[in-house]
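Note that the structure is a prediction, hence the values are computed from the model and not measured. Sequence positions, counted from 1, serve as the residue numbers for this chain.
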Amino acid sequence: MTTLLEMKQHLKIFYSRYDIYLIPALKFILAFFVFMMINGQIGFMERVASPAISLLLALLCTLLPVNLMAVLGGLLVCAHAYALSLETFAVTAGILFMMYAVYFRIAPKHGYILVLTPVAFFLKIPYVMPLVLGLIGGPVCAVPLACGTLCYYLIYYIKNNEKMLARVIPRTDGAYSRKLPSMLLLIFVSTKVSSCTAENSP
């Protein structure tokens with residue numbers, strides 16, 4: 001027990017001495033992984049899917065608050081959705097706008113939870129976040145947790161339904177529309193987030 005307390009004290013001293021370097025480095029690693037993950041899953045717009053863009057965005061995130069990392073990730077998702085179809089972009093942007101409005105209104109100080117939750121899903125360990133937050137977090141942590149879950153399933157649905165979302169569906173008046181896939185996108189994400197939030201809330 002004494003050894004653990006000594007290790008904890010040494011870690012605190014190390015962190016307080018080098019936090020000016022550690023925090024930007026950790027933010028860079030996290031941001032680069034998040035952007036590469038998004039590009040690897042739904043990299044439909046080749047101009048922003050390159051590792052160089054992810055590197056530049058990650059470097060920018062070292063100088064910015066973690067909430068802006070989440071916003072840049074959302075903009076990246078919107079860019080890839082736009083390359084897929086205009087309607088998919090509109091629905092994606094609308095979902096993310098409403099999500100960020102709720103998040104910034106209720107829990108703006110929990111950006112790391114919002115960013116780490118999709119990463120945990122991607123690494124196949126989704127229950128780590130609710131378990132940890134149930135031990136050290138409060139009820140307000142359920143909001144960024146739900147927002148992160150929404151982001152993951154939004155990316156998941158776009159990736160697995162690329163052809164359907166990009167397909168043009170004829171209407172009875174002879175025009176063309178992609179509204180049906182976009183509505184399916186909205187319904188799928190809303191249903192998934194509702195069920196996962198109910199299961200994972202701390």
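- In the hydrophobic clustering of this structure, Y112 does not group with I29; members are Ile, Leu, Val, Met, Phe, Trp, Tyr whose side-chain heavy atoms approach within less than 4.5 Å, directly or through other members.
- Within a 6.0 Å sphere centred on CZ of F97, heavy atoms belonging to other residues, nucleotides or ligands number 12 at most.
- Atom-to-atom distance recorded for F121:CZ and M37:CE is 11.5 Å, nearest 0.5 angstrom.
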Where do L60 and L72 land on the side-chain contact (heavy atoms from CB on, under 4.5 Å) test, with the steps shown first? CA-CA 10 Å; L60 182 62; L72 288 175; 4.3 Å; yes

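- Residue L55 is not grouped with residue M69 when hydrophobic side chains (ILVMFWY) are merged at heavy-atom distances under 4.5 angstrom, including chains of intermediate members.
- Counting only distance, with no hydrogens or angles, the side chain of T117 and the backbone of L114 share no donor-acceptor pair below 3.5 Å.
- The aromatic rings of Y82 and F89 sit perpendicular to each other, their planes meeting at more than 60°, with 30° as the lower class boundary.
- Nearest heavy-atom pair across L96 and C78 is CD1-SG, 3.7 Å.
- For the pair M129 and L116, the minimum side-chain heavy-atom distance is below 4.5 Å.
- Nearest heavy atom pair, residue T62 against residue P24, reads CG2-O, 3.4 Å.
- Contact between R47 and S50 at its shortest, heavy atoms only, is O-OG, 4.3 Å.
- Taking CG of N39 as the reference point, atom CD of E46 lies at 11.5 Å (rounded to 0.5 Å).
- When all heavy atoms are compared, the tightest approach of V119 to V115 is CG2-O, 3.5 Å.
- Looking at K159, its side chain never comes within 3.5 Å of a backbone N or O of G40 through a donor-acceptor pair.
- Pairing each heavy atom of Y100 with each of A70, the nearest pair is OH-O, 2.5 Å.
- For the side-chain contact (heavy atoms from CB on, under 4.5 Å) with V48, the qualifying choice from L57, I38, L76, L75 is L76, the only one to do so.
- Considering CG of L150 and CD1 of I95, their distance stands at 6.5 Å, rounded to 0.5 Å.
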Could you check I158 against F44 for side-chain contact (heavy atoms from CB on, under 4.5 Å), going step by step and ending with a plain yes or no? CA-CA 10 Å; I158 293 174; F44 304 122; 3.6 Å; yes

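- The number of heavy-atom neighbours closer than 6.0 Å to CD1 of I20, taken from other residues, nucleotides and ligands shown, is 12 or below.
- Cluster annotation: Y157 is connected to M45 through the hydrophobic network of ILVMFWY side chains, with a link wherever side-chain heavy atoms come within less than 4.5 Å.
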Begin from the C-alpha positions of M99 and C151 and carry the test side-chain contact (heavy atoms from CB on, under 4.5 Å) through to its verdict. CA-CA 9 Å; M99 181 198 78; C151 290; 3.5 Å; yes

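- A donor-acceptor pair under 3.5 Å links the side-chain atoms of Y103 to the main chain of G111, judged by distance alone.
- No continuous path of hydrophobic side-chain contacts links F28 to L30 [ILVMFWY only; heavy atoms under 4.5 Å].
- A chain of hydrophobic side-chain contacts below 4.5 Å, direct or via other Ile, Leu, Val, Met, Phe, Trp or Tyr residues, connects F35 to V71.
- Formation of a donor-acceptor pair under 3.5 Å by the H80 side chain with backbone atoms of G43 is not found in this model.
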Does the pair K27 and C61 meet the rule for a side-chain contact (heavy atoms from CB on, under 4.5 Å), with working shown? CA-CA 7 Å; K27 288 170 67 176; C61 287; 5.6 Å; no

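- Of all heavy-atom pairs spanning P144 and V140, the tightest one is CD-O, 3.2 Å.
- Within the model, atoms CD1 of I155 and OG1 of T92 stand 10.0 Å from one another, a figure rounded to the nearest 0.5 Å.
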